[in-house]
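Proteins come first, then strands; the chains are lettered A, B, ... in the order of their sequence lines, and each starts at number 1. All values below come from the heavy atoms of this structure, side chains included, with hydrogens, waters and symmetry mates left out.
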Amino acid sequence: MKYMALIYSDPTKEPAYGTPEFGAMMGGYFAFNERLKADGIDFSGDALKGIETATSLRLRGGKVETMDGPFADTKEHLGGYYVFDVPDLDTALRYAAMIPSAQFGTVELRPLMDYNPSGN
Amino acid sequence: MNTAASGAIAVTRALDALARDDRGRLLSALIARIRNFQLAEDCLQEAMISAVTHWGRNGLPLSPHGWLLQVAYRKAIDHIRRGKSAAAFGEQLRILFPDEAQDEETDVIPDERLRLIFTCCHPALAPKSQLALTLRTLGGLSTSEIARAFLDNETAMGQRLSRAKAKIAAAGIPFAVPEPDQWDERLQSVLSVIYLIFNAGYTAGPDAGRDLADEAIYLARLLDRLRPAEAEIEACVALLMITHARRRARVGEDGATVALTHQDRTLWACAEMSEGVALLDRAVARGTPGPYQIKAAIAACHVDGDGADWAQIAALYDTLLRFEPTPIVALNRAVAYAEAGRCNVALGMLEALRDELADYQPFHAAHADMLARGGDVPSARMAYDRAIELAASEADVAFLVRRREGLDQPGKV
């Protein structure tokens, strides 16, 4: 079963770039990626640039409306994601707990929609 | 009475008993085979309906359990066959196939209820859904009985149960006993479901409908049988028994709640209490401490023959707070400090909880009691007023009103 781990965090609570804590966090991500590889887990993932770089778009009455930033006005923002293929939610939770940002943000786990459950 | 009629009565009785006692076991065995909660439940229901016809005609089969499981299993295969394309069915059948080898009716049904408990109490489900699902699948309560117990309407409770089962399938919640690295945390989640069920029954009083307190003790004992020698499970059973033993004494003849120190000890169920205490001793001797052992130890301290040792209880709450840093535990700790004669420390602890517990009746009752001890009668009266406003039962209102009246007659309470 494929799960997406959506990583949300409040930028003011993240370690700042250049601090030893930032280095530790990046080391944590590196170690996590190595762990997934070592366990033979099929995965992918990326980090996102900050919300100041975001542009939101919607189509209303056939007209494109764009706006600066994300729609949701919350403190925690989507900052990155992983997708991994694991047998069940307990395994997904075990890996999600190793994501360094879980220590100061929130990781939301969602199964990916499977449009062809039989695999044919 | 003719034989057909008496036969039908025997069948109905046998099925009622099965539905009550063995539903969880049959359901868990079925889920283990077909891996689909909702389908298992539907097919077991269909098998029971078809049993009425078949058993009524031919009498009880040699192994009623085996018969039901087998029929439910065949119905499940039918459902899957009808609902899927041939290719999809082939995939499903590969999963089901190994079971076909043991395709005879037998009473030796594997007990998969431990897996079922952990699935129902999975923290990915909403807390109330965990309670409802556990009562429905392992306690064998009907949806309407559960709805009544939690003061919900039946439709809403039915929807809650369906949503929970749908999430189990869609989110990939496994039908499995947790691995060692997740065991402690997940066990606590199971125990808290059992404890909340107990509490719902205990506060409803001894005569309110289906007894959830008994149901919780049944579940805790079942868990202890399925996973023996686990200190926290033993301690949970102990805690429930020690508390349950005091049940008849907790409400007085006038319907008011009776504080522990004033309870008539002759009303306590002594055998149940000593069994609970003995079980706690066994749990503690295993040398793997945990929150339920501390809670049970606190309950045991309260009922000690020489009266409660409050300094000891306060120390136990200090430890419990490290396991469970919740405002309710912090409130109980403050009460223990006050009882141990450290009223000023206790008042300071309450001050820190004021915002979080602003609408919690026991907070104001405890506050009133501490203020009264310190001689601040006007403030104590205001705190009792607030507690009475918030009280959920007549028994609690009666208790609090009496305490408030007692403010004018020092030494009488």
Participant: Going from CD on B:E185 to CG on A:L93, what distance comes out if it is rounded to the nearest 0.5 angstrom?
Facilitator: 8.5 Å
Participant: For chain A, which residues from residues 170-182 of chain B have at least one heavy atom closer than 4.5 Å to it?
Facilitator: B:A170, B:A171, B:G172, B:I173, B:P174, B:E179, B:D181, B:Q182
Participant: Verify the neighbour count for atom CZ of B:R286: are there more than 12 heavy atoms of other residues, nucleotides or ligands below 6.0 Å?
Facilitator: yes
Participant: Check each atom of A:R94 against the heavy atoms of chain B and say whether the ones under 4.5 Å are side chain, backbone, both or neither.
Facilitator: both
Participant: Rounded to the nearest 0.5 Å, what separation is found between the CG atom of A:D88 and the CD1 atom of B:I168?
Facilitator: 13.0 Å
Participant: Hey, is CZ on A:F104 packed in by over 12 heavy atoms from elsewhere, all under 6.0 Å?
Facilitator: yes
Participant: Other residues, nucleotides and ligands only: do more than 12 of their heavy atoms fall within 6.0 Å of NZ on B:K128?
Facilitator: yes
